[in-house]
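We're numbering straight along the sequence, starting at 1. What's counted below: heavy atoms across the whole structure, side chains too, no hydrogens, waters or symmetry copies.
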Amino acid sequence: MHELSIAMNLIEVACEEAERRDVRIVALHVTIGPLSGVVRDALISAFEIACESSPLGDIRFEIVETQVTMQCSVCEAETLVVSLQELRCRQCGEPARQITGGRELELTALEIEA
């Protein structure tokens with residue numbers, strides 16, 4: 001379960017930043033895409049487990065999920081793919097050759113106590 005190592009790395013980054021700025025982190029915001037290889041529920045569970053032994057304690061963990069987007073080489077549309085099982089342009093049906101979104105795994109924000 002690589003989600004545990006991801007969760008531990010997120011906590012490590014948050015702890016380092018809290019120490020560096022001398023603040024208390026109250027929430028972590030993460031963006032994940034369906035092609036990132038991360039299972040949302042597994043990441044949430046892993047994060048809860050990893051927080052138990054960290055100074056962050058009861059930190060909130062917010063996840064935003066993105067969708068798979070593509071740049072069509074035929075109609076030049078930037079669009080969502082039909083589905084994960086059918087990576088085709090919604091406009092013209094051309095198979096996706098250039099995926100432009102959906103691989104994200106990003107720590108987007110650390111919320112600090114005011």
Visitor: Taking atom CD1 of Ile44 and atom CD of Glu62, what is their separation to the nearest 0.5 Å?
Guide: 9.5 Å

Visitor: Heavy-atom distance under 4.5 Å between the side chains of Gln98 and Met70, does that happen here?
Guide: no

Visitor: Test Glu17 against Glu19 for side-chain contact (heavy atoms from CB on, under 4.5 Å), laying out the working first.
Guide: CA-CA 5 Å; Glu17 192 64 21; Glu19 187 177 314; over 6 Å; no

Visitor: Look at the side-chain heavy atoms of Ile, Leu, Val, Met, Phe, Trp and Tyr, link any pair under 4.5 Å apart, and say whether Ile99 and Ile32 land in one connected group.
Guide: no

Visitor: Compute whether any side-chain donor of one residue and acceptor of the other, for Ser73 and Arg97, lie under 3.5 angstrom apart.
Guide: yes

Visitor: Is there a path of hydrophobic side-chain contacts, each under 4.5 Å between heavy atoms of I/L/V/M/F/W/Y residues, joining Ile49 to Phe61?
Guide: no

Visitor: Please output the side-chain donor-acceptor pairs of residues 79-87 that fall under 3.5 Å, not counting sequence neighbours, one pair per line with the distance.
Guide:
{"unit_1": "Ser83", "atom_1": "OG", "unit_2": "Gln85", "atom_2": "N", "d": "3.3"}
{"unit_1": "Ser83", "atom_1": "OG", "unit_2": "Glu86", "atom_2": "N", "d": "3.0"}

Visitor: Should Leu4 and Ile63 be regarded as members of a common hydrophobic cluster, given that ILVMFWY residues are connected when their side-chain heavy atoms come within less than 4.5 Å of each other, either directly or indirectly?
Guide: no

Visitor: Working to the nearest 0.5 Å, report the span between CD of Glu3 and CG of Asp41.
Guide: 10.0 Å

Visitor: Just verifying a value: how many Å separate Met8 CE and Ser54 OG, rounded to the nearest 0.5 Å?
Guide: 10.0 Å

Visitor: Decide whether Glu106 and Thr31 meet the rule of one side-chain donor and one side-chain acceptor closer than 3.5 Å.
Guide: no

Visitor: Can you hop from Val13 to Leu105 via hydrophobic side chains spaced under 4.5 Å?
Guide: yes

Visitor: Cys15: which residues meet the side-chain contact (heavy atoms from CB on, under 4.5 Å) condition with it, sequence neighbours left out?
Guide: Ile11, Pro55, Leu56

Visitor: Do the non-hydrogen side-chain atoms of Leu10 and Ile6 ever get within less than 4.5 Å of each other?
Guide: yes

Visitor: Find out whether Val74 and Cys89 are in side-chain contact, i.e. whether some heavy atom of one side chain is under 4.5 Å from a heavy atom of the other.
Guide: no

Visitor: Is any side-chain heavy atom of Val38 less than 4.5 Å from a side-chain heavy atom of His2?
Guide: yes

Visitor: Taking the side chain as every heavy atom from C-beta outward, state whether Phe47 and Leu28 have any atom pair closer than 4.5 Å.
Guide: yes

Visitor: Are a donor atom and an acceptor atom from the side chains of Thr100 and Glu78 found within less than 3.5 Å of each other?
Guide: yes

Visitor: For Glu65 and Arg40: C-alpha separation, side-chain torsions, deciding distance, then whether side-chain contact (heavy atoms from CB on, under 4.5 Å) applies.
Guide: CA-CA 8 Å; Glu65 294 180 274; Arg40 181 185 189 278; 3.1 Å; yes

Visitor: Check side-chain contact (heavy atoms from CB on, under 4.5 Å) between Val23 and all other residues, then give those that pass, not counting sequence neighbours.
Guide: Arg21, Ile25, Ile112

Visitor: Any carboxylate oxygen within less than 4.0 angstrom of a Lys/Arg side-chain nitrogen, looking at Glu94 and Arg88?
Guide: no

Visitor: So does Gln67 have more than 12 non-hydrogen atoms from other groups sitting under 6.0 Å from CD?
Guide: no

Visitor: Which atom names give the shortest non-hydrogen contact between Pro34 and Val68, and what distance separates them?
Guide: CG-CG2, 3.5 Å

